[in-house]
Amino acid sequence: MSQDQAFDVSTSSVLNAPQGEAGDGLWVGRVADKVLEVFPDQPLYTCAAGISPSGIVHFGNFRDVMTSYALARELEARGKKVRLLFSWDEYDRFRKVPAGVDPSFSRYIGMPLTGVPDPEGTYPSYARRFEVEFEEAMRALGITLDYRYQTQEYTSGRYADQIAHVLQHREQAAEIQLRFKTEKGNQEKGLDPDTFRRTYFPVTVYSRFSGADKVEILSYDGGTKLTYRCLLTDKVEQIDFKETPIVKLPWKLDWAMRWREEQVHFEPAGKDHGTAGGSHDVNSALARELFDRPAPVFQCYEFVGIQGMNGKMSGSKGNAISPGTLLDIYEPELLKWLYLRRVPMQSFNLAFDTEIYRQYDEFDREVAGLRRGDSSPAQQKILAFSGVAPKDETPLAFKQAVALGQITQWQEDKLSALAEKSGIPCSAPSAARRLPKAKAWLTTYNPEEIIALRTEPHLDYAGAMDEKRRAHIAKLRAILEEDSASIAALEEQVYAIPKDPSLSEKETKLAQRAFFKDVYQLLITRDAGPRLSTFLWAVDRAHVLRLLTL
RNA sequence: GACCUCGUAGCUCAGCUGGUAGAGCAUCUGACUUUUAAUCAGGGGGUCGCGGGUUCGAAUCCCGCCGAGGUCACCA
């Protein structure tokens with residue numbers, strides 16, 4: 001097929017590639033081999049990523065960064081000098097008013113994202129709001145990026161010569177693009193190849209009259225002068241885009257141009273770009289034929305999902321979740337690990353439901369293996385890239401952070417005491433880190449799981465109880481009125497209350513269960529709940545006594 | 001139509017350079033004064049979608065087929 005294949009490290013070729021220099025069998029090693037093969041002995045290697053801040057930068061976009069980050073770390077580990085370039089494609093046009101934004105923003109459609117105001121008025125522009133959120137999340141994750149702001153790059157005139165170059169070769173650019181278009185597609189869009197070749201101007205011009213890109217190119221002088229008509233105001237002017245930098249290359253050429261301008265050696269992209277004949281193929285051809293440079297080594301990656309949420313995420317649909325939001329419930333190292341452990345072409349899910357327990361547990365097991373020294377080189381590398389250093393601490397299992405956290409009202413000292421009394425191993429720093437995440441997971445994302453004490457006594461339920469059951473509750477009250485009741489004492493008492501010498505063992509168990517149910521109903525309106533002894537020990541005693549007053 | 005991914009225990013999935021099938025949940029048995037949504041120990045459960053091929057050996061590589069999903073528009 002295309003000559004690109006030599007540089008294309010898509011899944012199958014990755015899996016078939018010979019063992020990398022690193023010898024651990026990881027995909028990242030094989031891709032690094034490819035980079036060093038295509039671009040040997042570079043003084044500086046550039047791994048790139050880029051995102052258009054057209055809405056919330058979500059955790060799917062984040063895979064772009066993580067994929068490039070993995071390569072950068074791998075090349076670094078091999079003694080190469082590396083920079084991790086991140087381009088904010090903020091000079092792209094504002095296409096669509098996303099859900100949740102004032103519909104009147106439709107008047108900004110066609111303007112660059114940095115030319116649209118922030119709907120909330122807190123940031124200098126629409127784009128900046130999303131950039132700031134993402135940049136903060138990257139800081140929290142400990143990922144350092146070399147940011148490029150494309151509005152600044154374009155409007156500084158930096159790309160003027162390249163734009164001229166493209167315009168001078170516009171027939172060739174048209175030709176290359178036509179190669180990737182199908183006849184069927186052309187018919188559907190009513191595209192006539194001849195007309196396309198003749199009239200194709202591969203530039204976007206942001207009109208000085210309207211600010212939007214709704215313009216018609218009238219002529220080009222072969223240098224840096226362009227005449228356009230603003231379709232919104234019907235005004236015509238000629239500009240020299242070297243002095244009046246309001247011209248931008250469209251996406252397809254923009255990518256190829258920057259590969260050359262920034263000397264990019266590796267850049268991943270989502271599978272929407274990676275499809276055969278898709279935008280990456282077109283750009284690779286453009287890079288080679290128009291910019292006389294091999295395309296960077298490419299790695300396509302699958303989408304990331306959320307457990308219990310299907311369909312593609314997008315900012316305009318208003319269902320996007322940012323990496324920063326994920327940090328509410330995931331530790332930074334864990335989040336990075338989840339991205340790095342999978343080969344890029346494998347999709348995976350993040351979770352806001354109980355699936356997160358498993359992710360934390362698996363992560364804890366890996367880290368424990370690292371500490372014991374019995375993890376594989378591949379595991380060690382992934383953990384190292386995720387920022388995990390072998391520490392001598394026993395993490396608090398996330399499930400327990402949720403369970404113990406809520407019965408201790410998220411009080412760290414009480415939780416530590418409880419953990420100790422209950423023989424649950426956990427180190428204080430780990431508990432301190434995870435408690436807020438567990439709290440957010442429960443209260444913000446899974447409120448239906450919350451076990452809350454009733455505010456008022458459960459009179460309806462109590463009314464249906466007979467004398468004997470009431471007597472049991474009264475006994476419990478008496479015990480709780482003594483301050484000294486410890487977990488162990490409570491444990492014993494709670495089981496002793498319903499006991500009766502006349503009952504068989506089996507009957508005793510049934511009686512105990514019925515009693516527990518009564519207590520749970522009176523306290524939390526449920527048939528079951530956290531282990532009673534611990535629960536009674538941890539909750540506000542006076543309040544419980546009031547709930548148990550029949 | 002082109003391309004990609006997935007199809008492994010009841011459920012959710014690990015199994016990445018080929019070497020005697022794994023985890024969690026669920027289930028069963030037992031222990032802890034306990035059939036309580038903070039435990040522990042152990043057991044059962046899979047012809048790894050189907051059919052070929054390569055190999056001493058394949059869930060793992062290759063080919064074909066079936067099934068599910070995805071991407072091909074400037075939306076990762």
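Just so we're on the same page: letters track the sequence lines, and every chain starts at 1.
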Engineer: What integer distance in Å separates L350(A):CG from C13(B):C1'?
Structural biologist: 15 Å

Engineer: What distance, rounded to whole Å, do you find between the two C1' atoms, one in U34(B) and one in C40(B)?
Structural biologist: 14 Å

Engineer: Round to a whole Å and report the spacing from OH of Y357(A) to P of A38(B).
Structural biologist: 10 Å

Engineer: With rounding to whole Å, what would you report as the distance between C11(B) and G49(B) at their P atoms?
Structural biologist: 14 Å

Engineer: Side chain of H58(A): nearest nucleotide among U39(B), C72(B), A76(B)?
Structural biologist: A76(B)

Engineer: Looking only at side-chain N and O atoms, does Q406(A) come under 4.0 Å of OP1 or OP2 in A38(B)?
Structural biologist: no

Engineer: Can you check the E267(A) CD to A76(B) C1' distance for me, whole Å?
Structural biologist: 12 Å

Engineer: When the P atoms of U35(B) and C28(B) are considered, how many whole Å apart are they?
Structural biologist: 14 Å

Engineer: Take atom P in U8(B) and the same atom in U71(B), then report the distance between them in whole Å.
Structural biologist: 22 Å

Engineer: If I take atom CZ in residue R179(A) and atom P in nucleotide C72(B), what distance separates them, rounded to the nearest angstrom?
Structural biologist: 22 Å

Engineer: Rounded to the nearest 0.5 Å, what separates atom CE in M345(A) from atom CD in E302(A)?
Structural biologist: 5.0 Å

Engineer: At under 4.0 Å between heavy atoms, what does R341(A) touch on the DNA or RNA strands: base, sugar-phosphate, or nothing?
Structural biologist: nothing

Engineer: Between F303(A) and R63(A), is there a cation-pi geometry (under 6.0 Å to ring centre, at most 45° from the normal)?
Structural biologist: no

Engineer: Can you confirm whether K214(A) is buried at NZ, in the sense that more than 12 heavy atoms of other residues, nucleotides or ligands lie under 6.0 Å from that atom?
Structural biologist: yes

Engineer: Which whole-number value in Å describes the distance from M345(A) CE to C6(B) C1'?
Structural biologist: 11 Å

Engineer: Given the C1' atoms of G57(B) and G70(B), what is the spacing between them in whole Å?
Structural biologist: 35 Å

Engineer: Please state how far atom CG in D33(A) lies from atom P in C16(B), giving the value in whole angstrom units.
Structural biologist: 19 Å

Engineer: Return the nearest nucleotide to the side chain of Q346(A); candidates are C16(B), A14(B), C4(B).
Structural biologist: A14(B)

Engineer: The side chain of E302(A) lies closest to which of these nucleotides: U5(B), A76(B), G15(B)?
Structural biologist: U5(B)

Engineer: Watson-Crick or G-U wobble partner for C25(B), using a 3.5 Å limit on both distances?
Structural biologist: G10(B)

Engineer: Indicate yes or no: at least one non-hydrogen side-chain atom of Y330(A) is less than 4.5 angstrom from one of L338(A).
Structural biologist: yes

Engineer: Counting side-chain heavy atoms from C-beta on, which of U35(B), U71(B), U39(B) comes nearest to Q512(A)?
Structural biologist: U35(B)

Engineer: Distance between the P atoms of U39(B) and G24(B), in whole angstroms?
Structural biologist: 13 Å

Engineer: Can you tell me which nucleotide in G15(B), A76(B), C4(B) comes closest to the side chain of D272(A)?
Structural biologist: A76(B)

Engineer: How far does the C1' atom of A59(B) sit from the matching atom of G42(B), given to the nearest Å?
Structural biologist: 28 Å

Engineer: Across all strands, who's sitting opposite G44(B) as a Watson-Crick or G-U wobble pair, both distances under 3.5 Å?
Structural biologist: none

Engineer: Can you tell which of U35(B), C4(B), G15(B) lies closest to the side chain of R342(A)?
Structural biologist: G15(B)

Engineer: Is there a side-chain contact between F134(A) and M138(A) (heavy atoms, below 4.5 Å)?
Structural biologist: yes

Engineer: If the P atom of A9(B) is compared with that of G30(B), how far apart are they to the nearest Å?
Structural biologist: 28 Å

Engineer: Start at the 5' end of RNA chain B and walk down; is the nucleotide closest to F516(A) or to K271(A) reached first?
Structural biologist: F516(A)

Engineer: Quick check, are the ring centers of Y91(A) and Y206(A) under 6.0 angstrom apart?
Structural biologist: yes

Engineer: For G1(B), which nucleotide is its Watson-Crick or G-U wobble mate, given both distances must be under 3.5 Å?
Structural biologist: C72(B)

Engineer: Output the rounded distance in Å from CH2 (W255(A)) to C1' (A76(B)).
Structural biologist: 10 Å

Engineer: Measure from the side chain of H273(A), starting at C-beta and using heavy atoms only, and say which of A76(B), A38(B), U71(B) lies closest.
Structural biologist: A76(B)

Engineer: Could you give the CG-to-C1' distance, from L404(A) to A37(B), as a whole number of Å?
Structural biologist: 12 Å

Engineer: Taking side chain as C-beta onward, heavy atoms only, is D92(A) less than 4.5 Å from W251(A)?
Structural biologist: no

Engineer: Looking at U20(B), which nucleotide sits across from it as a Watson-Crick or G-U wobble partner, both distances under 3.5 angstrom, or is there none?
Structural biologist: none

Engineer: Under a 3.5 Å limit for both distances, which nucleotide forms a Watson-Crick or G-U wobble pair with G64(B), could you say?
Structural biologist: C50(B)

